[in-house]
K.L.:
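Handing you a structure now.
Keep in mind that the numbers below use all heavy atoms, side chains included, and drop hydrogens, waters and symmetry copies. Computed from a predicted structure; not experimentally measured.
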Amino acid sequence: MSMDILRLATAGSVDDGKSTLIGRLLYDSKSIFEDQIEAVERTSRDRGEESPNLALLTDGLRAEREQGITIDVAYRYFATPRRKFIIADTPGHIQYTRNMVTGASTADLAIILIDARKGLLEQSRRHAFLTTLLRVPHLVLAVNKMDLIDYDQKTFERIKDEFTAFAAKLSVGDLTFIPISALHGDNVVERSANTPWYDGPSLLHHLENLHIASDRNLIDVRFPVQYVIRPQASTDPELHDYRGYAGQVAGGVLKPGDEVMHLPSGLTTRIKRIDTADGPVDEAYPPMSVTLLLDDDIDISRGDMICRPHNKPQVAQDVEAMICWMSDERTLTPRTKLIIKHTTRTARAMVRDLHYRLDVNTLHRHEDAERLELNEIGRVTLRVTQPLFADAYGRNRDTGGFILIDEATNATVAAGMIMESR
């Protein structure tokens, strides 16, 4: 129960083997039930395939199986003795950019697959850009289908050099290159004898031993209040005056006795106690869900923020952000009115300006753009009816990210990353 969780997203061009790789990880780590394996073997036989098609373990939609592609974001869970994993298998097609943004937005690591025969493609560059735009801390470039090029080292090194040169234009934090064959399992779970020239770890070994604890912002204390707990149980004297503020720690470390500030009031107090479902704790840090009890009674409600007196987030109603538009039923234009959901605060927002639309393939900025359509990304200025307590997305993904909701249909139409606020 105490093992940490690594969230990872996969991306790649069509037929690069994303689903096969995840199937191989699940299969070789013995995370598949026997009936699932039997179902895959039966389906593979019905389709006339000689060996079990491991991609069927993740391609759950019938349309995906018929076309042999990934459309939706498929989430899979598995564990090894060292760590738990949540995998988001995201689609590679450009028309499913919104699905990739969804899958990668919470990922600690992204695996970008490249077909060793085809090398670095336009889609590979687009996926790399999107993962860095979403500030995924760790990136693995898995050069797949090495078996089809006879495990040639020169081809692997050429792809590695080409991607390294491209990554220099992006803000890539941690970058790892691994030659693999998802079909045969080379360097996926175990090191392969077919690549004696490769002295790095297998993919699973890298995932198991990757250090992610320091990826969270442990400096800026951010505690968005989600719910006020008032049991007022007359039978229990201790609960009669209980007033706790529940939420998930979005940044920093909180301890009993720490001085904290409430926003928007600006009043300060100290933490009396930190409760969890398992009882009081001595400290709270991201991403723990806790209940804070304070020394003083302050009017605090859902959507408010608890932080340090001398380390406050930006309190702003004008927000500059990068937007990925996800709706195929309407477009984003200046003066569009929407609902914004930022941490635990919900408010109404209006698009003041559309500065440019970004071409994710060439990184060119189209400053004459008048609208954003499905899967397009652009920079906008939003005017919000209530102040947001925000940080830049690059500083804190939890307090720098938000979603936009259609007022009429209540459908999520965009995901946003705050660049700056004022």
Side-chain angles (χ1 to χ4, degrees), residues 8-32 40 44 49-59 68-70 76 78 80 85 87 89-93 109-128 131 138-167 172 174-210:
L8 59 120
T10 62
S13 302
V14 182
D15 292 332
D16 276 353
K18 299 183 299 300
S19 300
T20 304
L21 172 63
I22 295 174
R24 174 63 65 183
L25 275 172
L26 297 173
Y27 186 80
D28 284 1
S29 62
K30 296 178 174 57
S31 301
I32 309 289
V40 167
S44 300
E49 298 179 16
E50 296 179 358
S51 58
N53 185 346
L54 299 179
L56 299 177
L57 291 168
T58 55
D59 284 344
I69 62 171
T70 301
R76 291 294 178 268
F78 77 102
T80 67
F85 300 91
I87 308 175
D89 182 18
T90 63
H93 295 63
L109 176 142
I111 301 174
I112 297 180
L113 267 79
I114 289 183
D115 189 325
R117 300 168 302 169
K118 300 175 183 175
L120 199 61
L121 301 176
E122 186 178 82
Q123 286 191 15
S124 310
R125 293 184 172 90
R126 174 164 52 83
H127 296 148
T131 56
H138 306 278
L139 191 61
V140 171
L141 195 81
V143 182
N144 192 23
K145 303 189 180 182
M146 291 295 294
D147 54 302
L148 299 181
I149 60 166
D150 297 325
Y151 304 95
D152 182 49
Q153 180 182 3
K154 291 183 179 179
T155 302
F156 173 75
E157 293 293 343
R158 189 189 75 248
I159 295 172
K160 179 179 177 180
D161 293 342
E162 189 177 351
F163 189 85
T164 301
F166 173 72
V172 179
D174 172 42
L175 180 58
T176 304
F177 297 88
I178 303 177
I180 66 169
S181 170
L183 186 64
H184 300 291
D186 294 292
N187 293 327
V188 177
V189 172
E190 301 290 343
R191 287 280 303 275
S192 173
N194 292 318
T195 54
W197 44 265
Y198 172 69
D199 57 2
S202 69
L203 178 60
L204 183 61
H205 184 273
H206 179 70
L207 298 179
E208 284 184 324
N209 294 278
L210 184 69

K.L.:
How about NE2 on H205, more than 12 heavy atoms from neighbouring residues, nucleotides or ligands closer than 6.0 Å, or not?
P.N.:
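Counting other residues, nucleotides and ligands, NE2 of H205 stays at 12 neighbours or fewer.
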K.L.:
Between T195 and D186, does any side-chain donor sit less than 3.5 Å from a side-chain acceptor?
P.N.:
no
K.L.:
Would you please test L109 and L210 for side-chain contact (heavy atoms from CB on, under 4.5 Å) and show each step?
P.N.:
CA-CA 9 Å; L109 176 142; L210 184 69; 3.4 Å; yes
K.L.:
Any salt bridge between D152 and K154, counting N to O under 4.0 Å?
P.N.:
no
K.L.:
List the atom of D199, the atom of R191, and the distance in Å for their closest heavy-atom pair.
P.N.:
CA-NH2, 3.9 Å
K.L.:
Has E157 got more than 12 heavy atoms of other residues, nucleotides or ligands less than 6.0 Å from its CD?
P.N.:
yes
K.L.:
Going by heavy atoms in the side chains, are R117 and I149 under 4.5 Å from each other?
P.N.:
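R117 vs I149: side chains touch.
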K.L.:
So, S202 side chain and V189 main chain: donor-acceptor pair closer than 3.5 Å or not?
P.N.:
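Here the side-chain-to-backbone pair exists.
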K.L.:
Looking at NZ of K160 and CG of L175, how far apart are the two atoms once the value is rounded to the nearest 0.5 Å?
P.N.:
9.0 Å
K.L.:
Working to the nearest 0.5 angstrom, can you tell me the gap between I22 CD1 and T10 OG1?
P.N.:
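Between I22 CD1 and T10 OG1, I get 4.0 Å after rounding to 0.5 Å.
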K.L.:
So how far is it from N187 CG to I180 CD1, rounded to the nearest 0.5 Å?
P.N.:
8.0 Å
K.L.:
Apply side-chain contact (heavy atoms from CB on, under 4.5 Å) to residues R125 and L120 and explain how you reach the verdict.
P.N.:
CA-CA 7 Å; R125 293 184 172 90; L120 199 61; 3.9 Å; yes
K.L.:
To the closest 0.5 Å, what do you measure between CG (L207) and CD1 (I87)?
P.N.:
8.0 Å
K.L.:
In terms of relative ring orientation, are W197 and F156 parallel, tilted or perpendicular, with 30° and 60° separating the classes?
P.N.:
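W197 vs F156 ring planes: tilted.
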K.L.:
Would you call N194 and D147 a side-chain contact if the rule is heavy atoms closer than 4.5 Å?
P.N.:
no
K.L.:
Indicate the atoms forming the closest heavy-atom contact of G119 with I159, along with that distance.
P.N.:
CA-CD1, 4.0 Å
K.L.:
Report the residue from I111, I112, T164, T176 that forms a side-chain contact (heavy atoms from CB on, under 4.5 Å) with L141.
P.N.:
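Passing option: I112.
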K.L.:
Taking atom CD as the centre, does Q153 end up with more than 12 heavy-atom neighbours from other residues, nucleotides or ligands that are less than 6.0 angstrom away?
P.N.:
yes
K.L.:
Starting at CG of L8, measure out to CG of L203 and round the result to the nearest 0.5 Å.
P.N.:
8.0 Å
K.L.:
Calculate, to the nearest 0.5 Å, the distance between atoms CZ and CG belonging to F177 and L139 respectively.
P.N.:
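Between atom CZ of F177 and atom CG of L139 there are 8.0 Å.
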